[in-house]
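Working notes, structure below.
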Protein chains: 2
Amino acid sequence: MTKLTDVARVAGVSATTVSRVINNYGSLSEKTKQKVYAAMRELNYQPNSLARSLQGKQTKLIGVIFSGVSNPFFGEMVEELENQLFSKGYRVILCNAADDKAKERDYLRMLMANQVDGIIAGAHNLGIEEYHQVGLPIISFDRYLSDNIPIVSSDNYRGGQAAGEALLAARVQHPVIITGQQQPNSPTNQRLSGYQAVLSAKDVALDQWTLAFGMSPTLKMMRIRQLLTTHQPDGIFCTDDLTALLVLQAAKQLNIAVPQALKVIGYDGTRFIQAYHPELTTIMQPITDIVTLMVELLLQRIADPDCQLETSYTLPIKVITGTSTAAIS
Amino acid sequence: MTKLTDVARVAGVSATTVSRVINNYGSLSEKTKQKVYAAMRELNYQPNSLARSLQGKQTKLIGVIFSGVSNPFFGEMVEELENQLFSKGYRVILCNAADDKAKERDYLRMLMANQVDGIIAGAHNLGIEEYHQVGLPIISFDRYLSDNIPIVSSDNYRGGQAAGEALLAARVQHPVIITGQQQPNSPTNQRLSGYQAVLSAKDVALDQWTLAFGMSPTLKMMRIRQLLTTHQPDGIFCTDDLTALLVLQAAKQLNIAVPQALKVIGYDGTRFIQAYHPELTTIMQPITDIVTLMVELLLQRIADPDCQLETSYTLPIKVITGTSTAAIS
DNA sequence: TTGAAAGCGCTAACAC
DNA sequence: GTGTTAGCGCTTTCAA
């Protein structure tokens, strides 16, 4: 690998000068600059960023922790994160926490080992304590981690309300909500609260089913079929779109007509769902805005680790209306 | 940040000794080992991997270049890559080439800058020349890059055949194939060849439509509706599942019954499609096996850069039969 | 079994 | 404007 001193030798200058040229630092004559550029090109020189970072400079690496990018919601979020971070000159270390505490802890340790400038945390297996002591700029998506770690999320309470309202507007009488496992301190619990508030204002009973997030689709499917046959709800609010897709599928198998006999509403509203399942009514989280904000906050913290940020930032959701909640005409 | 010399001071030994303990190198008395371990724990010490890598050791970083992880196929592949690489002690730098030559080139340059131990290349905007000179272990997914860069892919020719056979077995008379833009040197072109071979053996005419990979779903949808109304095919083979989903959707909108009036077959067979669209007949690429092989080959090349590998590795596909090609009873 | 010292590739005082 | 020098945190001969 050609190094700085090679360039210096070829250009007939000192290493310092080459370093100055690379970093555009101090005063340099146009002539030396050209000589150095020429030498760099001749040798096809690439500065070794490791050596650079070793001086205590930034690594320009950001750790992005999520629980798997095969879920389109996280896939789209990670893709957007990578895009925006790249355009700011950062690269992404992809950390798939995979519902695995040990793995998430391992990753946290690795990332801490002086390698990344900051972390975006979107997987949440770990207790607060572990994140508390990281000592690196962190921004969290949708989960409380520690007092000085800002949370960015979309308006889960309002989203829950909107879903409830949509169901009631469609004259649903026996709605069911299917949630994931409620996690302590998770803003997503607010989806339930908002929904619940709307229902009780209209004296509609709450009927809640829980399907753990990590459960296999096949198993979820069985549960849902069970639910549909035993409970015979006329409306279902799923707190994620994939589960809503399963409900749609189960309804078809059981010859339950959507929306005639059953209204279905999902949550997340990814580009994927909008393009490939426009029939599904859903609550859209503004992924791009969320990412923009997270990146902005993270870079602020990196620039000034002591800068004061809010504890929590909430972005508005949007209702996307498909035919799955259409009123029967 | 606590460093090696801090540990040494606390343990009352030299830096060298601490280094030896960390790397389990040379001969050490059990007693010193314990002292050092204790000091490390006390200080919550994390070795700085940058400094380590600077000695010319490995960085344990792998660049993974794909064109966006929001597509479930790539999402699942990247997720699997991350998993397997993590378990081998490597971390992943996620590079989203996004159909953008300049970005892919930028990434390549960054990765080369002495930072990663190897590259998995799954996005292919760039000409062969750019990859030729990288001088780093590279494994390519589904595309020829250079004579000494192994290609791993699934059996695209056989996949195309299988799709054609499935369509013909369902008594299709006027099938259409919808492909992406054919790229030079891309093994995916074989899907068309295999399909074509099966058709011409039975004297069925080839009818081919092209929808560029980067086209928006909405636009694709319009084209597909056009195709369905003007050409009135009774069978469609899409060389990716997402397009097949669009066909299914378009058919529904146009009141074309699937499979009665139209058989549809896709390609890729992700876990996602299997779980959420079991009705779709599709050709499954063995993502896990592909990844396992790519990782294995890459690690071999890293261990011995001169090791001889095949130019090309082809893994078998599998047909997943849904109702979308069911014979009319 | 352990330590001293040199150096990985680069940057940043401090000279000149 | 440019060069000298001293490290960044760690590993690795070479000696003891």
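Owing to the predicted nature of the structure, the values given are computational and were not obtained by experimental measurement. Each chain gets a letter, A, B and so on, in the order the sequences are listed, and its residues count up from 1.
Shown here are the side chain to side chain contact (heavy atoms under 4.5 Å, CB included) partners of B:E30, two or more places apart in sequence or in another chain: B:K33, B:Q34. Taking the ring-ring contact (aromatic ring centres under 6.0 Å, His included) definition, one finds that A:F86 meets it with B:Y107, sequence neighbours left out. B:T292 is linked by a side-chain hydrogen bond (donor to acceptor under 3.5 Å, both in side chains) to B:Q84, counting only residues two or more places apart in sequence or in another chain. Under the ring-ring contact (aromatic ring centres under 6.0 Å, His included) criterion, B:F66 pairs with B:F74, sequence neighbours left out. For B:Q181, the side chain to side chain contact (heavy atoms under 4.5 Å, CB included) partners at least two apart in sequence or on another chain are B:T210, B:A212. Scored by the side-chain hydrogen bond (donor to acceptor under 3.5 Å, both in side chains) test, B:S67 finds no partners at all (sequence neighbours excluded).
A salt bridge does not link B:D6 to B:K3: none of the charged side-chain nitrogens sits closer than 4.0 Å to a carboxylate oxygen.
Under a 3.5 Å cut-off, the side chain of B:N23 and the backbone N or O of B:Y25 do not form any donor-acceptor pair. Within the 3.5 Å criterion, the main-chain N or O of B:R271 finds a donor-acceptor partner in the side chain of B:E76. Judged purely by atom type and a 3.5 angstrom limit, A:S140 uses its side chain to pair as donor or acceptor with the backbone of A:R143.
Nucleotides of DNA chain D lying under 4.0 Å from heavy atoms of chain A occupy a range whose first and last members, 5' to 3', are D:dG1 to D:dG9.
Residues from residues 41-63 of chain A lying near DNA chain C, meaning a heavy-atom separation below 4.0 Å, are A:Y45, A:P47, A:N48, A:A51, A:R52, A:Q55, A:K57 in numerical order. Contacts of residues 26-38 of chain B with DNA chain C (heavy atom under 4.0 Å): B:S27, B:L28, B:S29, B:T32. Only A:K3, A:L4, A:T16, listed by number, bring a heavy atom of residues 2-17 of chain A to less than 4.0 angstrom from any atom of DNA chain C.
The minimum heavy-atom distance linking B:P187 with B:N156 is given by the pair O-CB, 3.4 Å. The two residues A:I119 and A:L111 come nearest to each other via the heavy atoms CD1-CD1, 3.9 Å.
The list of salt bridge (Lys or Arg N to Asp or Glu O under 4.0 Å) pairs with a residue in residues 77-99 of chain B, not counting sequence neighbours, reads A:K103-B:E82.
Rounded to 10 degrees, the angle separating the terminal axes of the helix from C:dT1-D:dA16 to C:dC16-D:dG1 is 40°, with each axis obtained from five end pairs.
The shortest distance between side-chain heavy atoms of B:R20 and B:T16 falls below 4.5 Å.
Following rounding to the nearest Å, A:M1 (CE) and C:dG9 (C1') show an atom-to-atom distance of 12 Å.
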Could you give me the CA-CA distance, side-chain angles and deciding distance for B:M294 and B:Y313, then say whether side-chain contact (heavy atoms from CB on, under 4.5 Å) is met? CA-CA 9 Å; B:M294 288 199 296; B:Y313 296 81; over 6 Å; no
